[in-house]
Protein chains: 2
Amino acid sequence: MLGKLSAERHAMPASPADSRRTTELKPVPNTDAARRSAGRPAAPVLGQAGITAAALRLIGKNGYAGLTMAALARSLNVAPSALYNHVESKRDVLLLVEDHLAALVDVTAFAAEPWESAVRKWAWSYRDVFAEHTPLIPVIAVLPVTDAPQTLAMYETVSAGFRGAGFPEERIVSAIVALESFIFGSAYDVTAPADIFDSGSMAESTPSFTGAVRSLAAQGHEKPADVAFSMGLEALIAGFGTLRA
Amino acid sequence: MLGKLSAERHAMPASPADSRRTTELKPVPNTDAARRSAGRPAAPVLGQAGITAAALRLIGKNGYAGLTMAALARSLNVAPSALYNHVESKRDVLLLVEDHLAALVDVTAFAAEPWESAVRKWAWSYRDVFAEHTPLIPVIAVLPVTDAPQTLAMYETVSAGFRGAGFPEERIVSAIVALESFIFGSAYDVTAPADIFDSGSMAESTPSFTGAVRSLAAQGHEKPADVAFSMGLEALIAGFGTLRA
DNA sequence: ACCACTAAATGAATGCCATTCATTTATTAG
DNA sequence: CTAATAAATGAATGGCATTCATTTAGTGGT
């Protein structure tokens, strides 16, 4: 009776990469309403909150490679199949984690500071949070906000900030989407190996690029990913700033 | 004797998401040098080129969910294990595909047009190519360019274009990285479902955001992803343009 | 005190996946 | 003819998410 949404499930094995589908989180049965109208079992030892916390603990210890349904269940002293009473799929677990992280993004500056510095703080915070969780990015990027209340709350605060700063209403969403795209892409950069631009044996055939890479390396103490992020972010802020009334 | 790099391989099952490691493509043994010094078998029916072509055919038909080593082997009338004579892992296959796609990105404008329009054309082309191949993005984003000659060639052309346009050498790489980050993030947007911003039952509690979404929808015939990409790209071009000598 | 109901947990099974390995096949250079 | 070698094979391994029939343990209503 649970999981009516799970039809047409295994038409394709759904590799973690192709995360696409109009999703809806399995409705949590532990509401007060359900509590009144039906028998309640032992205690909500598990539940979506417990699963989220355990998943975060697991990710923190072993990274996303260590986040398997089996490991998750083991860390909760439960059989893997038990998880499916609270969650419809592994993707649901990732969604729960994502929404938890969205709440960690700092949007407080939109209440107190001018638009430019508010956007700046928000963007850096957003990038930093998800740089540690890049495997979630393919999931977030196509995730209907309906399924992620905390994420939606972030959007509300940010768009209110844009509106209050005199942004024309029709362009608020596009501006946020553009910033987010830049942020997600930049989150990957943070995790890239330091030698990513080492052209190796092809150095002689790529003089312009090799020179530019050397020149950047010669410059710098700052982390390359931070330099690029700062440059791009300031350009976006300056460009979008001109749209305000 | 081949594949000395494959030690410490399966310490972790390496989900497609955690693609991290200093990689090197398995050296192709079918070089002229190897041809001279050793016996050569039947014909290069397979080989990295054949595998790449087959992988692209498979992806075109069934998407990345359909790209399994078994399916790839079947499409080449060969046992799955045979692939491992030409490729060290599935990740290698993805690398081959990525590098093939890099050659499809249009960089011709850097030879003939002013910097602004050259960057514009390159960025749109880059986004369009990888919007159809978003599962590759986690791989590319942390991929040492040594392993991807076509990708490296693209960087060379682009950085030469920046240099020729009067860009200060130390900032060329950062500017390209920032643009690329924006492009990768935007590629995901293209694949997002149309209703991604439908706030559903929470519409009343998110008036600012819901209003902004409605206002964008009311505006537009153009695809939302294209509007956001255009806005962000023009801001980046304008901002970076001021850095030129 | 009993019953009907139901959420939660179980354990076994399924089917898919990438990857390994000992062995065989086919080709060529000397 | 022989030694060397790349390529292909088929069977096996271990991991994975997910399903399902079944059991367990609470609850409100009677």
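First the proteins, then the strands, lettered A, B, ... as listed; each starts at 1. The analysis underlying the following values was restricted to heavy atoms, covering all of them including side chains, and did not include hydrogens, waters or symmetry mates.
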Closest nucleotide among C:dT20, D:dT18, C:dG11 to the B:Tyr84 side chain:
C:dT20

In whole Å, what is the span from the CG atom of A:Leu76 to the P atom of C:dA9?
9 Å

Say whether, by atom type as modelled, one donor and one acceptor occur between the side chain of A:Gln48 and the main chain of A:His86 under 3.5 angstrom.
yes

Tell me which nucleotide among C:dT10, D:dT18, C:dA18 gets nearest to the side chain of A:Lys90.
D:dT18

What residues, two or more places apart in sequence or in another chain, satisfy side chain to side chain contact (heavy atoms under 4.5 Å, CB included) together with A:Ala131?
A:Ala187, A:Val190

Pull out every protein N or O sitting under 3.5 Å from an N or O of nucleotides 20-22 of chain D, one pair per line with the distance.
none

Atom-to-atom span, CG of A:Leu58 to P of D:dC16 - whole angstrom
11 Å

Rounded interatomic separation in angstrom, taking CG from B:Leu67 and P from C:dC16
17 Å

Would you indicate which nucleotide in C:dA9, D:dG10, D:dT18 comes nearest to any side-chain atom of A:Ala82?
C:dA9

Of the nucleotides C:dA18, C:dT10, D:dT9, which one has an atom closest to the side chain of A:Asn85?
C:dT10

Donor-acceptor pair between A:Asp189 and B:Ser181 side chains, under 3.5 angstrom
yes

Sequence neighbours excluded, which residues qualify as side chain to side chain contact (heavy atoms under 4.5 Å, CB included) partners of A:Ala178?
A:Phe240, B:Phe182

Nearest-Å distance for atom pair OH/C1', residues A:Tyr64 and D:dC16
18 Å

Which listed nucleotide (C:dC17, D:dT9, D:dT18) is nearest to the side chain of A:Met69?
D:dT18

Using whole Å, what does the distance between atom C1' of nucleotide C:dA8 and atom CG of A:Asn77 come to?
15 Å

Kindly say if B:His86 contacts the phosphate of D:dA8, meaning a side-chain N or O under 4.0 Å from OP1 or OP2.
yes

What is the distance, to the nearest angstrom, from the CD atom on B:Gln48 to the C1' atom on D:dA6?
14 Å

Nearest-angstrom distance from the residue atom CG of A:Asn62 to C1' of D:dG15
15 Å

ring-ring contact (aromatic ring centres under 6.0 Å, His included) partners of A:Phe130, counting only residues at least two apart
A:Tyr126

Just grab all the salt bridge (Lys or Arg N to Asp or Glu O under 4.0 Å) pairs involving residues 121-144 of chain A, residues at least two apart or on different chains.
A:Glu113-A:Lys121, A:Arg127-A:Asp226

Figure out the CG/P separation between A:Leu83 and D:dT19, and round it to whole Å.
13 Å

Apply side chain to side chain contact (heavy atoms under 4.5 Å, CB included) to A:Ala79 and list each qualifying residue two or more places apart in sequence or on a separate chain.
A:Ser81

